[in-house]
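Throughout, a chain's letter reflects where its sequence line sits, starting with A, and its residues are numbered from 1. Worth knowing before you read on, the calculation uses all heavy atoms, side chains too, and leaves out hydrogens, waters and symmetry mates.
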2 protein chains.
Amino acid sequence: MTKEDQMIEEMFNHEGDLTERQKKILAAAIESFAEKGYSATSTKEIAQKAGVAEGTIFRHYKTKKELLMSIVTPMMIKLMAPIIIKDINKVLNHDHETFEDFIRAMIDNRRKFLKNNVKIIKIFIQEIPFHPELKEQFMEHVGSKVFTRLRQIIDHYQEKGQIINLPIDTVIRLTGSTIIGYFVTRYAILPDADWDDEAEVDSTVRFLMKGLAPGGVIRRVH
Amino acid sequence: MTKEDQMIEEMFNHEGDLTERQKKILAAAIESFAEKGYSATSTKEIAQKAGVAEGTIFRHYKTKKELLMSIVTPMMIKLMAPIIIKDINKVLNHDHETFEDFIRAMIDNRRKFLKNNVKIIKIFIQEIPFHPELKEQFMEHVGSKVFTRLRQIIDHYQEKGQIINLPIDTVIRLTGSTIIGYFVTRYAILPDADWDDEAEVDSTVRFLMKGLAPGGVIRRVH
DNA sequence: AATAAAAGTGAGTACTCACTCACTACCGCG
DNA sequence: CGCGGTAGTGAGTGAGTACTCACTTTTATT
């Protein structure tokens, strides 16, 4: 875990305030929500899995939905935070001379986090279409900032002439599709296949760089 | 709609057998499942939306789950069928001389279908994690055949030297991510943005072709 | 027109749901 | 020790839940 992650951890993490039973409730809820979905999971079931009375859940969370939110909200902030928080000049000029460096750093940086939070992210993606507040919360407090920042970053590398001059949103879409597509197949669709992660990331980044290279015509170099 | 699509339509479509009320039930169920999710939708609600008594639903479908299946199963067969059914030699040698032709044909061919079935596909994707039978049905009867066929196709163009010699499954992943990523942003995430579809498909296909071009080093041609 | 099968109905059934509340157990503080 | 506050309990509540069934209406067949 990087220093930034630790900082973010401290900023948003109130897990220290939680009682043992509360932690058990959260763990049980995450387990069940991920396995059967929010709607198909009963509070009784969560209570049993946590080894706790049903009333205890409602002592800490007014409604079942509040329980869902308390799982999902801190995760999405933690997931997006590094992109927003990092000093942009540092990122662009010092740390990552090339767009490829930047992409590789991003993948490295977020991999561990994703790995440890597959279940919560699964819940988040599953439930987003059915809870408008969740979508709004995401768009207003996270999504828009992330996209603004991403646009700055793409623009920077475009001006440096490192990547093709397509509309910025198209570049974001193509880059996002490629990286998210890798993570989804790696951790959601085929998590049990034997992956050579280093090789796959390498292929993926090369593909991305070649695809986004400036100029339309390509010639093999012998 | 192509001739193949019509053929498939006739092969799998039993909509002619359905009564007016049954069609209304299906339409109402699709609407509600897509909007609120399968678990959060009650049969009473579906009946009301369809203007039908609750008992009528269970006259035609033994259980609520059977209703879900009757919506989702024919769709996934129709979605995948063209890839399986088409005469492979015709596809590879006659119709599509280059991999780019093949990709463009695929996007064109499936766009209309996707557009007309967004809701059902949404339901399918939402529910797949929670219904093992659905996943098995998909993998055994559709998934494996599609992947076998896709592997043949990729292999063919690799041997022709048109695309890079990465592991076939990696090529499928990269191609799939790019195309599915386009369709998902186009029809699920930002369906209301004003899209220049022709330009977007063009950028996407170019990106894919450049990314999968043989050889590791790229040089701009002036 | 007679008859049988199929389609449609809606009140009823057993059960589950999220959530409440009166109560007990434990904790730190004087 | 006494007191106040928080944590934990589990039986209880009314509003649903998927599904059934005895019955009526429509449709097809002769």
**Q.** Nucleic acid contacts - residues 29-50 of chain B versus DNA chain D, non-hydrogen atoms under 4.0 Å
**A.** Thr41(B), Ser42(B), Thr43(B)
Q) Just by distance, with hydrogens left out, do Ser203(B) and Arg173(A) show a side-chain donor and acceptor under 3.5 Å apart? A) no
**Q.** Distance test, side-chain N/O of Thr19(A) to OP1/OP2 of dA7(D), below 4.0 Å
**A.** no
Q.
Measure NZ/Lys65(B) against P/dC19(D) and give the value in whole Å, please.
A. 10 Å
Q.
I need the CG-P distance between Leu18(B) and dA6(C), as an integer number of Å.
A. 17 Å
(Q) Looking only at the side chains, is there a donor atom on one of Tyr187(A) and Asn117(A) sitting less than 3.5 Å from an acceptor on the other? (A) no
Q.
Whole angstroms only, please: what is the NE2-P distance between His60(B) and dT20(D)?
A. 15 Å
Q) Just how far, in rounded Å, is C1' of dG16(D) from NZ of Lys64(A)? A) 13 Å
Q | Pair Phe207(A) + Phe207(B): ring centers closer than 6.0 Å | A | yes
Q. Please give, in whole Å, the distance from dA7(D) P to Gln22(A) CD?
A. 8 Å
Q: Inspect the contact between Glu100(A) and Arg206(A) and indicate whether a charged nitrogen and a carboxylate oxygen are less than 4.0 angstrom apart.
A: no
Q. Within 45° of the axis and under 6.0 Å from the centre of the six-membered ring of Tyr182(A), does NZ or CZ of Arg186(A) qualify?
A. no
Q: Examine distances only and state if a side-chain atom of Thr185(A) and a backbone atom of Gly181(A) form a donor-acceptor pair shorter than 3.5 Å.
A: yes
Q | Under 4.0 angstrom between Thr56(A) side-chain N/O and dT9(D) OP1 or OP2 | A | yes
Q. Centres of the Phe130(B) and Tyr38(B) rings: under 6.0 Å?
A. no
Q.
Quick test of your reading of the model: are Glu31(A) and Lys49(A) salt-bridged, counting only N-O distances below 4.0 Å?
A. no
Q) Once you round it to whole Å, what is the distance between P of dG8(D) and OH of Tyr61(A)? A) 11 Å
Q. When every nucleotide of nucleotides 20-25 of chain C is labelled 5' to 3' by its protein contacts under 4.0 Å (heavy atoms), B for base, S for sugar-phosphate only, - for none, what sequence of letters results?
A. B-B---
Q: Answer with yes or no whether the side chains of Glu127(A) and His131(A) bring together a donor and an acceptor at under 3.5 Å.
A: yes
